[in-house]
Amino acid sequence: MKNKIFNIAVAILSSIMLLYFFLYKNGLTQLLSVIKIIDTSWLLVAIVLMLIYWIIEILIIHELTHFLFPKQKIRKSIKAAMSGQLFGAITPLQTGAQPAIFYALVENGIDPGSATSILMMKFIIHQTILTVYSFIIIILKFNYFESMVPLLSYLCVLGFIFNSSIILAAIMFSINKNFTKNLMLAILKFLKKVRLVKNLEKYEIKIEENLNDFHNNAKLILENYKVLLKVGIINTIQLTIFYIIPYFIYRSFKLESASLWNMLAAQTFVMMIVSITPLPGGLGGAEGGFVLLFKVFFKENILPGMFLWRIITYYSCIGIGLLFSIHLPKINLKKMRVFND
């Protein structure tokens with residue numbers, strides 16, 4: 001019950017922050033003034049695209065999980081994916097997504113080592129596709145947007161370095177057992193110094209056991225190029241679907257001069273800004289980036305447009321994810337904890 005109350009409280013607080021932004025900037029007033037002229041058919045397409053985005057997220061998790069566990073049910077992958085959407089939305093840099101999916105997978109009978117390898121492969125594939133996608137857009141469309149956002153070059157460099165560093169660290173963690181073991185032992189030694197860990201030798205045995213499962217499964221997935229290629233292609237489609245949602249919101253305002261390609265590129269730059277914004281959901285960076293890069297398209301409708309975009313692409317993840325999180329079975333931490341006392 002406490003976890004449910006916490007989840008609801010986070011969702012409400014996040015919503016209040018958005019409402020404050022629009023009340024302060026008079027965005028809600030503008031939205032109400034144009035709501036009568038919005039073409040709901042275009043807006044419906046944007047909503048359907050977000051639904052497809054979630055479906056693809058479920059398919060990615062299920063594809064990787066089903067490879068190691070052929071008896072895995074799709075409904076379990078649905079719960080894992082949607083709880084990940086919630087906790088990714090309410091934590092800084094989406095750091096809560098992986099643990100939430102991990103807990104859901106382990107609760108459904110997948111051992112911690114296998115669950116970790118599944119999530120690590122998913123993470124590496126996603127970050128690689130995201131970084132390559134962003135790099136291509138930077139090469140093709142940077143000059144077009146640079147005049148609109150003077151600091152865009154610095155933001156792009158920071159975003160690209162940040163995402164590339166994460167990929168390298170994740171790959172090193174996945175393929176180098178000694179690196180992973182030494183890193184975890186270093187953390188444990190630090191915890192022992194601050195008296196949070198007592199029996200270091202027992203933890204060392206646990207690390208060895210779980211690392212063997214993790215690296216064996218990670219190696220198995222990495223060696224299966226068909227699975228990696230399939231998930232990579234699906235992930236690329238997923239990103240593209242997410243990136244074109246602003247275009248259909250734009251068309252709902254009965255605007256049509258901007259091209260789908262330019263809107264996709266603008267959204268790619270926005271997500272690079274979001275990736276280096278440390279607040280939950282990229283709060284501030286997402287809204288500011290959208291205004292900076294999309295105001296040339298939406299013009300006076302930029303705040304209502306941004307309001308609809310955040311509802312569809314961000315707050316919907318909290319709302320729908322919250323439903324799945326509330327109905328998830330209670331997690332038995334004693335059974336799934338990697339380091340039991």
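Quantities reported herein were computed from a predicted structural model and do not represent experimental measurements.
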Student check: side-chain heavy atoms of [X] and [Y] closer than 4.5 Å:
X      : Y      : result
Ile312 : Tyr53  : no
Leu59  : Ser77  : no
Ser257 : Phe297 : no
Leu293 : Ile273 : yes
Leu239 : His126 : yes
Phe102 : Gln98  : no
Ile38  : Leu308 : yes
Met82  : Ile320 : yes

Where [X] and [Y] come nearest, the two heavy atoms and their spacing:
X      : Y      : result
Cys156 : Met272 : O-CE, 3.3 Å
Phe298 : Gly305 : CE2-CA, 3.9 Å
Leu64  : Met121 : CD1-C, 4.4 Å
Ala115 : Val106 : CB-CG2, 4.0 Å
Gly84  : Ala97  : O-CB, 3.5 Å
Leu49  : Ile241 : O-CG2, 3.3 Å

Nearest 0.5 Å, please: how far is [atom2] in [Y] from [atom1] in [X]?
X      : Y      : atom1 : atom2 : result
Leu323 : Ile318 : CG    : CD1   : 12.0 Å
Thr128 : Leu228 : OG1   : CG    : 10.0 Å
Ile237 : Ile60  : CD1   : CD1   : 9.5 Å
Ile249 : Ile47  : CD1   : CD1   : 9.0 Å
Leu229 : Ile234 : CG    : CD1   : 9.5 Å
Ile311 : Leu43  : CD1   : CG    : 9.0 Å

(request) List for me each residue that meets ring pair (Phe, Tyr, Trp, His ring centres under 6.0 Å) alongside Phe135, sequence neighbours excluded, and say none if there are none. (result)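 Ring pair (Phe, Tyr, Trp, His ring centres under 6.0 Å) list for Phe135, sorted by chain: Phe160.
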Please determine whether residues [X] and [Y] belong to a single hydrophobic cluster, defined as Ile, Leu, Val, Met, Phe, Trp and Tyr linked transitively by side-chain heavy-atom distances below 4.5 Å.
X      : Y      : value
Ile167 : Phe162 : yes
Ile233 : Phe123 : yes
Phe248 : Ile55  : no
Ile52  : Ile244 : yes
Ile138 : Val157 : no

Does [Y] offer a backbone N or O that forms a donor-acceptor pair with the side chain of [X] under 3.5 Å?
X      : Y      : result
Ser83  : Ala80  : yes
Asn235 : Val231 : no
Arg75  : Lys79  : no
Thr65  : His62  : no

(request) Go through the steps for Met50 and Cys317 under the test side chain to side chain contact (heavy atoms under 4.5 Å, CB included), then give the verdict. (result) CA-CA 9 Å; Met50 194 63 203; Cys317 294; 3.6 Å; yes
(request) Mark yes or no: Arg310 above the aromatic ring of Tyr314, with NZ or CZ under 6.0 Å from the six-membered ring centre and no more than 45 degrees from the axis. (result)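 Yes, cation above the ring, under 6.0 Å and within 45°.
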(message) Ring-plane angle category for Phe294 and Phe290, please: parallel below 30°, perpendicular beyond 60°, tilted otherwise.
(response)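 Parallel.
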(request) May I ask you to decide if the ring planes of Tyr243 and Tyr133 are parallel, tilted or perpendicular, using 30° and 60° as cut-offs? (result)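 Answer is perpendicular, since the angle exceeds 60°.
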Please output the side-chain donor-acceptor pairs of residues 261-270 that fall under 3.5 Å, not counting sequence neighbours, one pair per line with the distance.
from: Asn262; atom 1: OD1; to: Lys141; atom 2: NZ; distance (Å): 2.6
from: Asn262; atom 1: ND2; to: Ser259; atom 2: OG; distance (Å): 3.2
from: Thr268; atom 1: OG1; to: Leu264; atom 2: O; distance (Å): 2.9

(request) Output, in order, the C-alpha distance, side-chain angles, deciding distance and verdict of salt bridge (charged side-chain N to carboxylate O under 4.0 Å, His left out) for Lys122 and Glu63. (result) CA-CA 10 Å; Lys122 177 185 180 299; Glu63 181 68 26; over 6 Å; no
(message) If the condition is salt bridge (charged side-chain N to carboxylate O under 4.0 Å, His left out), which residues does Lys295 pass it with, not counting sequence neighbours?
(response)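 Salt bridge (charged side-chain N to carboxylate O under 4.0 Å, His left out) check on Lys295 returns nothing, list empty.
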